[in-house]
Amino acid sequence: MFHEIRKYIETNLSRSRLEHSLSTALICVDLCSRFGVDEKKGRIAGIAHDISRETKLDDKMINLLNDNYLISSEEKLSPVLLHGRIGAALLGEKFNLKDNDILQAIRWHTTGHPDMGKLGQILYIADYIEPGRKHITNTLRAEIMQMDLNEMTIKVLNDRTAYLRDNGYRVAEFSMQLFDKLVNSGRIKNI
Ligand SMILES: [Fe+2]
Ligand SMILES: [Fe+2]
């Protein structure tokens, strides 16, 4: 499955997207091994997550959505946010990918979502910190790598929402719901 998807990305997407996807897959495998998640799933989620990132998301593509979630107001405003959900639909159809952990991780890798599991958190983080990303320093990357999984996710959520707010964009409701869920689970653990 990994090689088939890799081939597809190599043929249909840009060189830089292929490099980003391969690099995300490597970080996913590393995080999966640290946090007890199936590494094979991490590798597939990493290589496949941006499969629809370079596709024009017109109504025809949006009709492919098969995940029973409504389209949020943020997604209506910025259809590019849908590339995870549309990618998951495409992977199901084209590659018969049925693993729900992988599909949920890919669906929500852009905004995060309270329904995504540990693999979803891992992909969300890996997508943001893979070494090809120039927006974070090596020091910050190393700092993040010392954290536990929920701390890492909260850190990336905080950085991403700060960036959005600073640049006048709306923060997706799902991101805030995920943030609340993680913060509350930490509180319960500490009681
Ligand atoms: Fe993406
Ligand atoms: Fe990505």
Side-chain angles (χ1 to χ4, degrees), residues 1-2 5-32 37 41-58 61-62 64-65 67 69 71-72 74-92 94-95 97 99 101-136 140-141 144-145 152-153 155-161 163-164 167 169-175 178:
M1 171 93 62
F2 174 88
I5 298 172
R6 185 204 153 121
K7 189 92 219 131
Y8 177 91
I9 292 174
E10 213 172 309
T11 313
N12 294 285
L13 280 82
S14 62
R15 178 85 210 164
S16 60
R17 193 77 54 193
L18 173 67
E19 280 166 11
H20 163 66
S21 306
L22 286 167
S23 188
T24 303
L26 277 179
I27 302 287
C28 280
V29 169
D30 181 354
L31 295 177
C32 283
V37 175
K41 291 190 186 189
R43 198 159 167 252
I44 292 172
I47 190 71
H49 76 285
D50 272 341
I51 196 160
S52 292
R53 182 62 182 84
E54 296 179 1
T55 308
K56 192 172 177 299
L57 302 181
D58 54 17
M61 293 305 294
I62 290 168
L64 285 180
L65 283 178
D67 55 25
Y69 289 94
I71 297 183
S72 69
E74 294 86 12
E75 288 167 332
K76 264 187 205 134
L77 215 60
S78 312
V80 67
L81 291 176
L82 287 166
H83 74 269
R85 291 174 63 187
I86 290 174
L90 181 85
L91 288 157
K94 235 185 177 42
F95 299 95
L97 179 62
D99 184 286
D101 295 335
I102 301 177
L103 292 175
Q104 279 294 66
I106 291 173
R107 248 173 223 135
W108 303 116
H109 78 268
T110 309
T111 56
H113 192 290
D115 289 352
M116 71 189 198
K118 272 167 97 172
L119 184 62
Q121 290 181 241
I122 285 171
L123 177 60
Y124 182 73
I125 297 156
D127 186 27
Y128 190 72
I129 67 166
E130 64 89 357
R133 297 283 211 183
K134 298 294 172 233
H135 57 96
I136 69 168
L140 180 58
R141 189 174 286 115
I144 292 175
M145 288 308 253
M152 282 184 180
T153 315
K155 171 72 185 149
V156 175
L157 268 166
N158 274 335
D159 279 20
R160 292 183 76 149
T161 51
Y163 171 84
L164 290 171
N167 288 281
Y169 297 109
R170 258 168 67 175
V171 176
E173 188 63 35
F174 299 144
S175 308
L178 174 62

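The structure displayed is predicted, hence computed values, not measured ones. As the structure lists them, so they are numbered: ligands from 1, and atoms in each ligand from 1.
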E19 (side chain) donor-acceptor with G132 (main chain) under 3.5 angstrom: no

Opening angle at the Fe ion (ligand 1) [NE2, H83; NE2, H109; to 10 degrees]: 90°

Whether H49 and H109 hold their rings parallel, tilted or perpendicular, with breakpoints at 30° and 60°: perpendicular

Angular separation of NE2 (H49) and OD1 (D127) seen from the Fe ion (ligand 2), to 10°: 90°

Check: R6 and L22 side chains under 4.5 Å, non-hydrogen atoms: yes

Non-hydrogen side-chain atoms of T55 and H83 separated by less than 4.5 Å: no

Of the N, O or S atoms in D50, the one nearest the Fe ion (ligand 2): OD2

